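Let me begin by handing over the structure; questions about it come next.
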Amino acid sequence: MKKNSRKKIAVLIIMAFMLAIVAGCGGEAKDTGDKAGDKAEMINVGINVELSGGVASYGTNAKDGALLAIEQINASGGVLGMQLNPVVKDCKSTADEAMSISAALVGENIVAQIGPLTSGDVAGSTPIMMDNKIPLIAPAATASNVTVDDKTGKTNEYIFRVCFIDPFQGTLMAQFAADNLKAKNAVIYADTSTDYGKGLAEYFKKTFGEKGGTIVGEEGYVKDDRDFRATLTKIKGMNPDFIYVPGYYQEVAPLIKQARELGITVPIGGGDGWDSPDMVSVAGNEALNNTYFTNHYSSQDTDPNIVKFVEAYKAKYNKEPDAFAALGYDAIQLMVQGLKDAQAADPVKLAAALAKIKDFEGITGKMSIDEKHNPVKAGVIIEFKDGAQVMNTRIQP
Amino acid sequence: MQIKSKFIRFCIDVLVLTALFILVQYFITTGLLDQYYQINLASMCINIILAVSLNLINGFTGQLSLGHAGFMAVGAYASVVMTQMLGQPFIVGLIVACLAAALGGFIIGVPTLRLRGDYLAIATLALGEIIRVTLQNIDYVNGPAGILGITKMTTWPWLFGATVFTVLVVVNLINSSYGRAIISVREDEVASELMGINTTKYKVMAFVIGAMLAGLAGAMYAHFFYIIKPDTFNFMKSFDILVMVVLGGLGSTTGAIIAALFITALTAVLQSFPAIRMILYALILIIVMIYRPQGLMGNKELSRQIFGRIWGGRK
Amino acid sequence: MLEFIQQLVNGLSLGAIYALIALGYTMVYGIIKLINFAHGDIMMVGGFVGFFSLTVFKTNIVVAMIAAMLTCAILGILIEKVAYRPLRNSTRIAALITAIGVSFFLEYVTIFLLGPSQRVFPDTAFPIKAYNIAGLSILNKDVFVVVSAVVLMLILQYIIKWTKTGKAMRAVSLDQEAAVLMGISVDKTISITFAIGSALAAAAGVMYGVYYSTVNPLMGIIPGLKAFVAAVLGGIGIIPGAMVGGFVMGLLETMVSGYGNSLYRDAVAFGVLILILLIKPTGLFGRDTGEKV
Amino acid sequence: MSLIMEINNLDKSFGGLSAVLNFNFCLEQNELIGLIGPNGAGKTTVFNLITGVYKPDQGSIVFNGQNIVGLAPHTICARGIARTFQNIRLFNDLSVLDNVKIASHKNVPYGFLSAILRTPGFFKGEDIIEKDALKYLKIFKLDDKKDELAKNLPYGEQRRLEIARAMATKPTMLILDEPAAGMNPQETKELMKLIAQIRRDFKLSILLIEHDMSLVMGVCERIYVLDYGQIIAEGRPEEIRSNKQVIEAYLGEELE
């Protein structure tokens with residue numbers, strides 16, 4: 001009865017401790033197994049990506065791209081005379097898991113970590129990388145504050161990325177809508193449950209206004225919505241000549257389909273979240289005509305490097321590489337460039353070298369790392385034409 | 001005589017706890033326990049707080065709540081607002097987190113606890129989701145993006161203190177007349193009411209204390225994992241906690257603790273197989289409910305006597 | 001005005017989908033007082049069966065729907081036998097937790113087998129035609145779901161009111177022990193209930209797939225929750241209540257999105273649920289049943 | 001003797017069906033009254049109305065000079081009315097001792113914080129509660145079973161435990177709903193002795209429902225007879241025994 005309460009606590013905490021140790025032993029055994037590889041002059045590369053959870057498809061594709069790059073590099077003799085050894089782990093699309101995985105990867109003596117994909121998950125991983133002074137290269141984290149410490153405004157020394165940032169995409173589409181499509185009245189219908197959708201919308205609004213356009217309405221939807229007709233009907237009543245829909249393809253595809261069904265024929269634009277074959281299969285060829293999105297690269301690009309990459313990727317995985325695959329590929333290539341510049345497989349030296357990279361030729365464009373560790377690179381506008389992605393314009397910042 | 005032996009036991013407990021605390025602290029300072037294990041240790045402590053506090057509501061009071069993650073969110077956000085935006089020390093953040101979550105529990109508990117059984121479950125589920133959606137729409141806390149770069153303040157002493165505090169509060173409460181009143185609500189609400197127990201009051205009391213401790217866990221979480229966003233606290237998180245409580249045994253604090261440790265370890269082991277983890281969760285829920293609806297421990301507690309016997313008849 | 005009528009059309013077709021799911025929900029609840037949390041996931045399984053029937057076996061939509069309904073009817077009976085029957089005499093909470101477990105199980109076994117990504121329903125399954133009447137856009141699939149919901153409700157109502165099985169169901173719902181004494185096989189009746197309820201869910205799943213073009217392993221969660229709200233709104237256990245509840249929910253959500261702020265749509269839906277529970281816990285059409293002391 | 005409870009014109013109907021109609025009743029201090037009537041006559045409904053489980057449609061229930069209609073059941077209990085249940089409602093998974101301790105909670109001698117912090121006051125208070133509970137268990141000869149789970153007791157002892165639990169709320173009026181149901185004659189006899197004893201020792205007023213006529217006639221000072229929700233007779237046992245209406249409504253039916 002009550003007398004026992006305190007001792008119960010004591011016993012419990014002992015048990016807790018024992019269990020923790022048991023769990024610990026299990027992990028330890030695993031570690032030694034992996035470390036056996038170290039002896040053969042390997043450079044361990046952590047790949048901490050979303051293989052399950054909300055954005056599993058992004059993580060999977062980025063991982064495939066990264067593994068392709070590693071395979072190619074190893075085949076051509078490796079870096080600094082050593083082979084790259086990928087250590088792949090799943091962060092389940094959550095920030096705390098990303099953090100835990102990073103800590104586990106640190107234990108595997110990695111020289112750098114690729115991933116995670118979303119800005120939130122990168123933020124979870126960031127402190128561990130900073131504490132341990134190991135560079136993190138984010139393939140697709142586009143939030144503006146990923147590489148910068150929010151409080152001090154200082155650049156995070158060990159955090160890098162190969163993608164352009166949200167403000168850039170929003171600005172790009174606003175320019176395109178105003179200049180190329182001659183839009184005057186735009187409606188924004190954004191995924192407001194993600195920072196991505198909100199960020200793009202914010203910068204679109206800003207630039208579109210500066211270009212003399214008017215935002216006649218701002219609406220939002222949330223992740224996993226499937227029925228958009230109520231809001232679309234409302235938007236139809238606003239008579240816009242352009243609709244900006246920054247969001248991910250799972251929602252955007254049915255959204256566009258429903259918009260066309262309701263008789264909305266004006267051009268619709270979005271961001272790199274649209275890049276998926278599901279866009280065409282869900283919305284249909286016809287509905288997608290007259291829609292545009294900003295992207296990192298186009299697999300239709302005739303640039304010889306891109307063509308080579310697309311062929312290799314198709315041969316290995318039997319699927320079209322999307323932007324995430326290309327970014328994953330570029331993240332590894334950027335790291336390799338850094339290792340070559342640093343002339344050592346040392347994380348701290350690698351970070352210093354990465355910060356200085358100029359005019360690196362990636363699949364997703366020529367990039368230079370700026371003082372905020374963002375790549376300065378071009379973006380493309382892709383148009384859907386009868387179900388095919390066609391590159392419309394390449395815009396240099 | 002009795003008082004004396006009670007005092008001796010108390011001293012032993014304090015000694016054991018202190019020894020445990022110092023031992024782990026020693027491992028951390030010497031680096032024997034690296035970052036990865038520290039993270040799992042933190043998860044364990046936070047999950048213990050969550051499971052023990054939810055067990056107070058679901059196990060001891062018998063009111064099925066599916067919105068525990070909502071209170072955790074309230075605590076996490078309240079503490080972060082205090083420490084990061086208003087520059088208060090961590091302890092202030094913790095206190096505010098507890099108070100805010102308790103207040104949330106009160107506001108939600110008073111109207112909804114009139115509902116019974118599965119209606120209450122659905123209502124709490126809905127309210128937990130409303131908390132999440134509301135946080136998503138508050139720009140002050142960055143909406144869906146959440147708050148990044150929270151200063152790490154949750155260290156082992158804090159984790160240890162919060163866990164011991166939680167277990168002490170719940171165990172002491174349950175083994176008092178107030179606790180018996182709470183349990184009687186679970187056993188038979190009508191009879192309890194007719195024996196002069198203000199069942200509404202005790203249901204709300206348990207709910208508020210449970211919410212408060214969940215808020216504490218939220219604050220611990222926020223200041224350990226650097227980042228919070230509304231999505232972290234969706235109803236899947238509530239179900240995670242529920243699984244621990246059900247597995248350990250509805251109405252067994254020791255059960256909740258063991259289950260929290262087990263599930264955390266299981267999650268770590270199955271890091272690379274999330275689908276399997278969830279299938280296991282599902283099977284655990286179904287099988288435990290069919291064969292042992294009262295959970296592994298039932299409403300029994302693991303006591304020192306049992307350990308004494310295992311260790312060779314030492315009483 | 002035109003916009004308002006269009007919103008009504010939108011609301012009705014969305015409501016019809018909720019109503020379809022809610023029908024099965026409410027029926028199972030009515031008979032054994034169990035919130036079958038897994039109902040939305042049975043709907044998901046139905047959607048996938050329909051999808052594979054259409055794409056792998058190249059059947060037409062009618063065959064796909066029948067296949068889905070049959071599969072899920074069997075699945076429903078199985079779930080009831082394995083997971084719910086042993087718990088018939090335990091607490092409601094134990095049953096609810098088991099239902100949550102079954103829901104997880106269906107979701108993650110599907111993810112394990114098929115991966116987490118969505119699958120796209122072929123266009124050819126149900127060619128969309130749009131009718132443009134005086135500026136109003138009405139699609140053939142809108143008409144289809146609304147008519148299906150009403151017809152299924154009528155059939156269900158007929159089964160429960162006029163057939164022998166229906167009478168057995170009502171008897172079991174009122175008093176299981178008495179039903180046994182009257183020579184009714186409770187097990188069989190409950191199995192039939194689950195079969196019908198799950199078949200309805202499957203039908204809803206295929207229609208959902210047709211309507212929104214995709215299926216994915218987690219697609220049952222949100223519509224399931226909403227349909228449950230609809231069922232409670234109308235008075236859970238009451239067939240016409242589910243129907244009305246579904247339409248009310250659909251219209252409510254549409255109007256909140258159309259004339260208010262779409263971000264508060266879910267909050268409003270859940271808020272309405274809580275209000276209803278607090279004011280009239282038995283829903284719009286529900287009767288009061290107090291506890292006997 | 002003074003009046004402890006007076007009920008006037010009490011009405012209660014469920015969905016148009018009258019369960020209790022124009023019920024009038026009074027109870028003197030230290031009196032023992034029986035309420036009888038055929039099944040479904042509304043006896044338990046009367047108990048539920050008095051203890052606040054149901055709210056009457058009409059009428060007043062005056063207890064110790066105050067109208068208690070509309071009060072919550074726990075408040076009514078706090079005013080001094082305790083009851084048992086027709087279909088035993090113990091706290092099944094708790095020990096016999098805890099069952100009784102719970103009933104004394106309304107007089108808990110220490111505060112909430114004291115419980116959490118385990119102050120000396122808490123231990124002293126728990127001692128008082130435990131001694132008090134043991135006292136009632138002893139009266140009902142359950143003290144040697146204090147650590148058993150309530151659900152494991154035999155039927156007769158469960159009934160006794162229910163009364164002990166009701167007594168632990170320290171009532172001035174005790175309401176017993178078929179206390180001897182399911183007991184053998186020997187047990188019934190002992191129970192009656194116990195009831196008489198606690199009435200004397202604790203100066204209780206008791207109202208009981210019972211089917212066992214010999215029991216009712218043997219111990220009750222006055223008897224109310226209820227049929228179809230209405231009182232059809234009231235008086236001393238010998239008066240009731242010879243009342244034609246009662247025989248027709250109740251006893252007559254049993255003879256058939």
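The structure presented is a predicted model; accordingly, all values stated were derived computationally and were not measured. Naming: A, B, ... by sequence-line order, numbering from 1 per chain. Values below: every heavy atom of this structure, side chains too, minus hydrogens, waters and symmetry copies.
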Check: Are the side chain of C:Gln7 and the backbone N or O of A:Ala230 linked by a donor-acceptor pair below 3.5 Å?
Finding: yes

Turns out that what part of A:Gln258 lies under 4.5 Å from chain C's heavy atoms comes down to side chain

The interface call for C:Leu139 against chain A, heavy-atom contacts under 4.5 Å, is side chain

Of the listed A:Asp278, A:Leu262, A:Thr233, the one with the largest count of heavy-atom pairs under 4.5 Å with chain C is A:Thr233

One should read off an interatomic distance between C:Tyr212 OH and A:Lys257 NZ, to the nearest 0.5 angstrom, of 11.0 Å

By residue number, those in residues 252-261 of chain C with heavy atoms under 4.5 Å from heavy atoms of chain A are C:Thr254, C:Ser257, C:Gly258, C:Gly260

Pair count under 4.5 Å, heavy atoms only, with chain C: among A:Asp225, A:Ile235, A:Leu232, highest is A:Asp225

Point to revise | Basic-acidic side-chain contact under 4.0 Å: A:Asp227, C:Lys226 | key: no

Applying a strict 4.5 Å limit to non-hydrogen atoms, the region of C:Lys141 in contact with chain A is side chain

Show your working on side-chain contact (heavy atoms from CB on, under 4.5 Å) between A:Arg229 and C:Asp142 and close with a plain yes or no. CA-CA 12 Å; A:Arg229 286 170 301 168; C:Asp142 291 331; 3.1 Å; yes

- May I ask you to decide if A:Glu261's main-chain N or O and C:Ser137's side chain share a donor-acceptor pair within less than 3.5 Å? yes

The interface call for C:Arg119 against chain A, heavy-atom contacts under 4.5 Å, is neither

Bottom line for C:Ile128: the part with an atom under 4.5 Å from chain A's heavy atoms is side chain

